[in-house]
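Below: the structure, in structure tokens.
Here, residue 1 is the first one in the sequence, and each next residue gets the next number. Keep in mind the model is a prediction, meaning the values are calculated, not measured.
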Amino acid sequence: MPLAAAFSPQPGSTSHIEALAALGVPRLYRRGTLLIQEGEIGDTLYVVLKGRLRAFLADNSGKELTLGTYGPWEYVGEMSLDGGPRSANVEATEASTCAVVTRATLLGYIADHPEFALELLGRLIRRARLATESARSVALIDVYGRLVSLLNKMAQAPDPHGERMLGERITHQAMAQHLACSREMVSRLLKDLESGGYIAVRERWIWLLKPLPARW
């Protein structure tokens, strides 16, 4: 059975990604496994078939900044196309299965399907824009403002009571990694918002009970 046929793509996935996955080698990764290390020379692209990956930067003190998370039928590692060093770390945040595609295979696929180059270029541009937004946020917006932005992005549509549940469970540590701050800072801000009646935690899910104040 072809590799891609063993997994069901999510709505909106493209035939190109399925085709690339079929050309790759399936590998399983335990939660916490580092697939890509910043600075190393790599020549592989990873198509996520199952699970979730996180791209992040880290400094010598252990502080981390999450650049993005990627689920089924998304891919990471395309920066290896230029043969240069990896620009970020990538780890499995849960048990994951990926199709590992070599640089030579990827270049061969692009040669046979030049229209995929435009799709790849569009993705690189979107990631560059997200990186710019992240840098601007860290430089110009305080931690509380970044937290409000993150919670609003993660929140689902309001229920009949006007309350919004986050689309996924997220730990205080994971939030801190998104916001480039300490876990203690996140915990304090969330506790203050909960005390003020703006959020509630129900069975480990965060709910936004009403619009969050712009300033705190």
Margin query: Met79: which residues meet the side-chain contact (heavy atoms from CB on, under 4.5 Å) condition with it, sequence neighbours left out?
Written below: Ser87, Leu124

Notebook entry, point to check: So, does Arg169 use its side chain to make a donor-acceptor pair with the main chain of Ile206 at under 3.5 Å?
Noted result: no

Notebook entry, point to check: Taking all non-hydrogen atoms of both residues, which atom of Trp73 and which atom of Ala21 are closest, and how far apart?
Noted result: CZ3-CB, 3.9 Å

Check: Just by modelled atom types, is the Gln37 backbone N or O under 3.5 Å from a matching donor or acceptor in the Asn89 side chain?
Finding: no

Next item on the list: State, yes or no, whether a side-chain contact exists between Thr102 and Leu106 at a heavy-atom distance under 4.5 Å.
Entry: no

Check: Hey, what do you get for OG (Ser182) to CD (Gln177), rounding to the nearest 0.5 Å?
Finding: 12.0 Å

Item checked: Residues Arg54 and Thr66: side-chain donor-acceptor under 3.5 angstrom -> yes

Checklist line | Met175 side chain near Leu151 side chain, heavy-atom distance below 4.5 Å | finding: yes

Check: For Arg164 and Asn152, does a side-chain donor sit closer than 3.5 Å to a side-chain acceptor?
Finding: yes

Margin query: So, taking the atom named NZ in Lys63 and the one named CG in Leu57, what distance separates them when rounded to the nearest 0.5 Å?
Written below: 12.5 Å

Ignoring hydrogens and angles, write down the donor-acceptor pairs under 3.5 Å from the side chains of residues 187-199, residues two or more places apart or on other chains.
from   : atom 1 : to     : atom 2 : distance (Å)
Ser187 : OG     : His172 : ND1    : 2.7
Ser187 : OG     : Arg183 : O      : 3.1
Ser195 : OG     : Lys191 : O      : 3.0

Check: Do Tyr75 and Leu45 have side chains that get closer than 4.5 Å, going by heavy atoms?
Finding: yes

Margin query: Quick check: closest heavy atoms across Arg146 and Leu179, and the distance to 0.1 Å?
Written below: NH2-O, 2.7 Å

Notebook entry, point to check: Under 3.5 Å, side chain of Arg103 to main-chain N/O of Thr44, donor-acceptor pair present?
Noted result: no

Item checked: Pairs touching residues 82-114 that satisfy ring-ring contact (aromatic ring centres under 6.0 Å, His included), sequence neighbours left out -> His16-Tyr109, His16-His113, Tyr109-His113, Tyr109-Phe116

Next item on the list: Begin with the C-alpha distance, continue with both residues' side-chain angles, and end with the deciding distance and a verdict on side chain to side chain contact (heavy atoms under 4.5 Å, CB included) for Ile110 and Leu120.
Entry: CA-CA 9 Å; Ile110 291 174; Leu120 188 62; 3.9 Å; yes

Next item on the list: Mind listing the closest non-hydrogen atom pair of Leu35 and Cys98 along with its distance?
Entry: CD2-SG, 4.1 Å

Next item on the list: Please round to the nearest 0.5 Å and tell me the distance separating atom OH of Tyr29 and atom CD of Glu91.
Entry: 14.0 Å

Checklist line | Student check: side-chain heavy atoms of Ile17 and Glu119 closer than 4.5 Å | finding: yes

Notebook entry, point to check: So do the side chains of Pro72 and Leu49 get within less than 4.5 Å of each other, counting heavy atoms only?
Noted result: no

Margin query: Does the structure place the NZ or CZ of Arg27 under 6.0 Å from the centre of the six-membered ring of Tyr46, at an angle of no more than 45° from the ring's axis?
Written below: no

Next item on the list: Determine, step by step, whether Glu94 and Arg30 satisfy the side chain to side chain contact (heavy atoms under 4.5 Å, CB included) criterion, reporting the C-alpha distance in whole Å, the side-chain angles of both residues, the deciding distance to 0.1 Å, and the verdict.
Entry: CA-CA 7 Å; Glu94 57 186 75; Arg30 294 180 179 178; over 6 Å; no

Check: Given side chains that start at C-beta, do those of Ile170 and His178 come closer than 4.5 Å, heavy atoms only?
Finding: yes

